[in-house]
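For reference, the structure discussed in these notes is given below.
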2 protein chains.
Amino acid sequence: MARKTGASGAATLKAIRQAGLKLMAQHGYEAMSLRHLAAEVGIQAGSLYNHIATKQELLVGLIRAHMEELIRALDAALDGHDDPADRLRAFVAFHVGTHLLKRQEVYVSTFELRALERTNYAKVVRLRRRYEQRLTRILDDGKARRRFVFDDTRVTAYAILAMLTGVCTWYRPKGRLSRQAIIDIHTRLVMKGVGVKSRVRTAAKIGVKSAAKAKSAAAKGRAKRPAHKPRPARAA
Amino acid sequence: MARKTGASGAATLKAIRQAGLKLMAQHGYEAMSLRHLAAEVGIQAGSLYNHIATKQELLVGLIRAHMEELIRALDAALDGHDDPADRLRAFVAFHVGTHLLKRQEVYVSTFELRALERTNYAKVVRLRRRYEQRLTRILDDGKARRRFVFDDTRVTAYAILAMLTGVCTWYRPKGRLSRQAIIDIHTRLVMKGVGVKSRVRTAAKIGVKSAAKAKSAAAKGRAKRPAHKPRPARAA
DNA sequence: GTTAAACTTACAAGCGTTCGTTTTTATGCA
DNA sequence: TGCATAAAAACGAACGCTTGTAAGTTTAAC
C-alpha cells in the first residue's frame, strides 16, 4: 500500500501536531512513543517522517508556536491600557483566560522543558523571560506610580504567575465555575495582593452556574472520562 | 565478582532512593533508566532488584513517603494555633519552608503523578486531598469567623497552593533572598489576598542578604551547575 | 553454613529512525 | 484537454540500541 486517497500533507501535519499535543500533555514527551502518536493520527510510524524531522523537533515546534502566540496575544490584550491597575487586570484576565482554553499547550510548554535539548531549551527560556517581563514591568510601573504595594518584584511576579497558571491543573470546562468567574476570583486575589482595591464584579453575581446545572454537568464529565489519569499533576 | 566488602542493604536502599529522587527530579521518571540509576548508586542494574521490587514501586514509595511526612509535619506546625489568621500564617510558613528544602521530593510528587499506575495514583491523590483539606478548613473557618474575605474556598485554596508551591521552580539556595524572606513575602501576599492586614516583618529588614554576598554566591552557584538543564520547569 | 548483596548474562519488547517501495496527486508540455 | 513525469505521502520491514526485568552465580557477612 502507499499514499491514501485524499491524503494532504498540511492536514496530516496539523493532525500530528494536535495528537502530539494531546499525548504529550497526557503522558509526557518521553512516555509518548512515535508509534503511539502515529496510531492516534491513523498512519504508520515511519510516515511521520514525511512531516516532521525528529520527535524533538515536533516538541520544540509546539512549544515555540505556543509561546510566540502567547506573547503576541498578550501584547494585544495589554494594548490601550495605561494605568498600572488596568494593565494588571488585563494581564490576569488574559493569562487565566487563555490558560483555561489552552491547557494542553500550557502543560507541554511548562512541564516538558526538561526534555528539550540545550539550544532549544535556551531559546524557549528566552521566550518565557520576554513574557514574564510584561508582568514585572507592570508591577514596577505600578510601584513607581505608588499604585501598588508589594515587597519584591521578581518574587511577586513569579508568585502571581504560578498562581494563575495553576488553574490548568484543576479546571474542567463543565465544572462548577464559568471561565469568567474563575478570572474574576483570580483578579481579585492578585489586586488585593498588590494592594489595590479591586472593582471586579463578584463571582456570585455573574459567573457561578446554577447548582443543578453544575452538578449534572460535573457528573457527565466524570462519567465521560476514561476513569484513570485524566490529568497529570496538580501542585500540592 | 559478587558482594562487595562493606555493602549494607539498608545503606544501599537509602542511596537508591536518594539517587532516584535526584534523577527523577532532573530528568523525569520515564527518562530515568534503571541502568542510569544503578550507575549513580555505583552498582549494576540487576542489583537494584535486591532492594526494590519494580521501578514503579520505587516511584510510589518515594511519593507516598514524602506526602505522608508532609501531612504529619503540617499537623505539627499547625498545632497550638487557634486563630484562623495565625493558622494560615503557620500554613504558609510551613508550606513554603519545607518546599524550599525538599524541592526534589516536591518535583517528583507533583510532576510525576502521571507515571503512576491506576491504584497508586488513586492513593496518592487521596493523600494530597488530605493535605489540601487542612488549608480549606482554615479558609472556611476564617470566613465563618469573619476574619477572612474571599470568594470561593476551593479556588482560593488551589490558587494559594499553586502560588506557594511555585517557589520550587526558581529558588536557589545561594540566591538573593533568604528562606525567611521568601516565606515573609508569600505570607504577606496570601494574607492580603484573604483580606487580613499582615503583621509580618518586612523582608528588607530581616531577610535580604547583602548585595555583595548574594552576587558572589550566585556566581558560584552558576559556575558549579553543569550549565545545561539544571532545572526542569517553571510555570509560565 | 546460611543468607544477603553484589555480579554477569540474557531476554523479549519497545524505542526513534531509515529505507526502499507503492500509490496518489500535482505539474509541464503536446 | 490528454498524457508523461515528478513530487508527495503513505506503506511495511528493518536497523541498532535501550529498556525493565529475570535468572543463575559468586562472595562477604552474620
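Numbers restart at 1 for each chain; the letters A, B, ... are given by sequence-line order, proteins then strands.
- Side chain of B:H51, nearest nucleotide from D:dA10, C:dA5, C:dT18: C:dA5.
- A:T169 contributes atom OG1, which lies 10.0 Å from atom CZ of A:R103 (distance to the nearest 0.5 angstrom).
- Of the candidate nucleotides C:dG16, D:dG20, C:dT8, D:dG20 has the atom lying nearest to any side-chain atom of B:L34.
- No N or O donor and acceptor, one from the side chain of A:R35 and one from the base of C:dG14, sit under 3.5 Å apart.
- One cannot find a donor-acceptor pair under 3.5 Å joining the base of D:dA8 and the side-chain atoms of A:N50.
- Among C:dT17, D:dT21, D:dC11, the nucleotide with an atom closest to any side-chain atom of A:T54 is C:dT17.
- The separation between A:L37 atom CG and C:dG16 atom P is 9 Å, rounded to whole Å.
- Rounding to the nearest 0.5 Å gives a distance of 10.5 Å between CG of A:L177 and CG of A:D184.
- Nearest nucleotide to the side chain of B:Q44, out of C:dC7, C:dC15, D:dA10: C:dC7.
- Taking atom CG on B:L58 and atom C1' on D:dG20, their separation rounds to 13 Å, with Å as the unit.
- OP1 and OP2 of D:dT18 both lie 4.0 Å or more from every side-chain N or O belonging to B:S33.
- For A:I43, the listed nucleotide lying nearest its side chain is D:dA10; candidates were D:dA10, C:dC15, C:dA6.
- Closest approach to the B:K55 side chain among D:dT21, C:dT17, D:dA10 is made by D:dT21 (side chain taken as heavy atoms from C-beta onward).
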